[in-house]
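Read through the structure below, which is laid out as structure tokens, and then see the notes.
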Amino acid sequence: MSALAAVLGGDDEGEHVGELTIDGVSPERARGRVGLVLQDPDSQVILARVGDDVAFGCENLGIPRDEIWDRVRGALDAVGLDLPLSHPTSELSGGQKQRLALAGVLAMRPGLLLLDEPTANLDPDGVREVRDAVARVLERTKSTFIVIEHRVQIWRSLVDRVIILSPEGGVLADGAPDAVLAANGAALADLGVWVPGHPPVVTPRRSGVSDATLLRSESLGIARVAGQAIRTGIDLEVRAGGLLAVTGPNGAGKSTLGLTLGGLLAPLSGHVIAAPALAAGAPGYPIDWKSRQLLTRIGSVFQDPEHQFLAATVQDELAVGPRALGLAPQEVDVRVDELLERLRLASLARANPFTLSGGEKRRLSVGTVLATRPRVLVLDEPTFGQDSRTWRELVTLLSGLLDVGSAVVAITHDVDFVGALATSEIRFTSWQDEPGRVEAVR
């Protein structure tokens, strides 16, 4: 993807062999013909307002002003991002930023459209809207379309060729989608591809939910920083051995709730209250806890993994929390080595965290929290970017934590994950349509 978009880097950043051309010329000379949506939507937000951000690419291509704004409105409508052009990009959720990035590319009307897991942070309705938007663009422009995706079913109806890459390098399979999946389905599923008809097998949990409530909210109101209320009157319980799934559309306030429950964002009204068993001598409200007190009590994984990376290597990143607790070097090494193996990161121990793939960054961010062994985990999109194999291993790891009495709050769009682990679920409705409404699903 990076090579096709001419953003791979120069000769001083690595080596390359062979030849790559677009319309008969090098990718560097074909800029403007190629539109790339990256795996991390934050890396493509450039300007402060939604309309200006979508218009940025068109302006660089020299599109006439009147035509630009027609394209901007059409692209935003195509991806289902129903917001004023003046809406601040800083107030968008992760899923909304993905739609924004796609809209910016669609407005440019490229001849080659490159998408790197473009629906990973979207709710199910958003996935369908984005897929349908891409379908309409392809029908109208006849652009060439290349998508990187673990979950092949999403794009199966839009592609006429599937290439399966080997983890060791090279190509495992190449051909028509139905033929490739029929001939290699079981083998591909073993390698981590989400193949229709081959769901990942998860070992059932051994125990149930405890009656012990570790964390609860009481008439809780939440708001983004310096923003207006998103939700009010939230009453929920987080129990030992249970996983509370928080679901709903993008931009509905799920991540804000996670930050508030995790003691990282002050409630707008009401309270988040820790039970004595969790507080263990600390104040009763997590928002009053110092960072060191949070380490062993509530661990939070942010929606964007990069927002919590501090060290220069994966190994040192996993060691940050244990070292802050003052653990002996030998104990730190044991915890780090165990997590490197369990999260399939051992071969990347000396790599810089910022150079990892999106899925690897997500596993590392989960690992940094697990390293301090907190009693409650708040995870924002914990399965983002995972193939079916690493997804299964993450589910197994979290299942083991639940079995020994930990509690998990998971903000997620992943229905497979909810089905595998959730013991309770609350669903947020759209904030614009029904402000304040929260449904207790189970």
Side-chain angles (χ1 to χ4, degrees), residues 120 150-151 189-194 198-215 236-247 254 258 261-262 277-278 296-303 305 318 321 334-346 359-427 441-442:
H150 292 303
R151 300 182 182 241
D190 288 341
L191 288 172
V193 180
W194 290 85
H198 296 271
V201 177
V202 179
T203 303
R205 290 191 55 203
R206 294 187 299 274
S207 61
V209 186
S210 164
D211 289 333
T213 297
L214 298 179
L215 194 68
L236 58 79
E237 292 186 346
V238 179
R239 295 186 177 183
L243 185 144
L244 169 64
V246 182
T247 62
K254 302 184 301 297
L261 291 176
L278 177 63
T296 56
R297 292 171 173 84
I298 305 177
S300 295
V301 172
F302 302 154
Q303 189 175 58
L318 290 171
V334 168
R335 293 192 183 191
V336 169
D337 290 344
E338 177 186 358
L339 287 169
L340 286 171
E341 291 297 327
R342 295 202 66 177
L343 297 172
R344 291 184 179 267
L345 296 172
E360 290 163 347
K361 288 176 182 175
R362 170 53 74 219
R363 296 202 300 281
L364 176 59
S365 65
V366 172
T368 60
V369 171
L370 296 179
T372 61
R373 300 177 182 174
R375 190 75 186 279
V376 175
L377 292 93
V378 180
L379 310 178
D380 198 338
E381 299 290 356
T383 57
F384 162 77
Q386 303 307 308
D387 61 39
S388 64
R389 182 173 52 181
T390 55
W391 180 93
R392 182 178 63 247
E393 290 164 355
L394 269 177
V395 168
T396 300
L397 178 60
L398 293 175
S399 178
L401 294 174
L402 295 174
D403 284 339
V404 297
S406 295
V408 176
V409 178
I411 293 111
T412 183
H413 297 301
D414 186 343
V415 295
D416 295 313
F417 178 79
V418 173
L421 286 182
T423 54
S424 59
E425 178 184 356
I426 62 170
R427 181 177 301 150
V441 179
R442 52 171 163 158

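Worth saying up front: this structure is predicted, and the values here are computed from it rather than measured.
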Note, Val404 side chain near Arg373 side chain (heavy atom, < 4.5 Å): no
Salt-bridge criterion met for Arg344 and Asp387 (N-O under 4.0 Å): no
Please report the closest heavy-atom contact between Gln303 and Asp380, naming both atoms and the distance. CB-OD2, 3.4 Å
Would you say Thr372's side chain and Thr296's backbone share a donor-acceptor pair under 3.5 angstrom? no
Given Val408, which partner from the list Leu401, Val376, Leu379 fulfils the side-chain contact (heavy atoms from CB on, under 4.5 Å) test? Leu379
So the salt bridge (Lys or Arg N to Asp or Glu O under 4.0 Å) pairs with at least one residue in residues 359-370 (sequence neighbours excluded) are Glu306-Lys361
Using a 4.5 Å cut-off on heavy atoms from C-beta on, say whether the side chain of His413 contacts that of Glu381. yes
Heavy-atom closest contact (Leu370 atom, Leu339 atom, distance): CB-CD2, 4.0 Å
Are any of the side-chain heavy atoms of Ile298 and Leu278 separated by less than 4.5 Å? yes
Between the side chain of Ser399 and the main-chain N/O of Val395, is any donor-acceptor distance below 3.5 Å? no
Applied to residues 373-407, the ring pair (Phe, Tyr, Trp, His ring centres under 6.0 Å) test, sequence neighbours excluded, yields Trp194-Trp391
Hey, does Pro374 have a side-chain heavy atom less than 4.5 Å from the side chain of Val369? yes
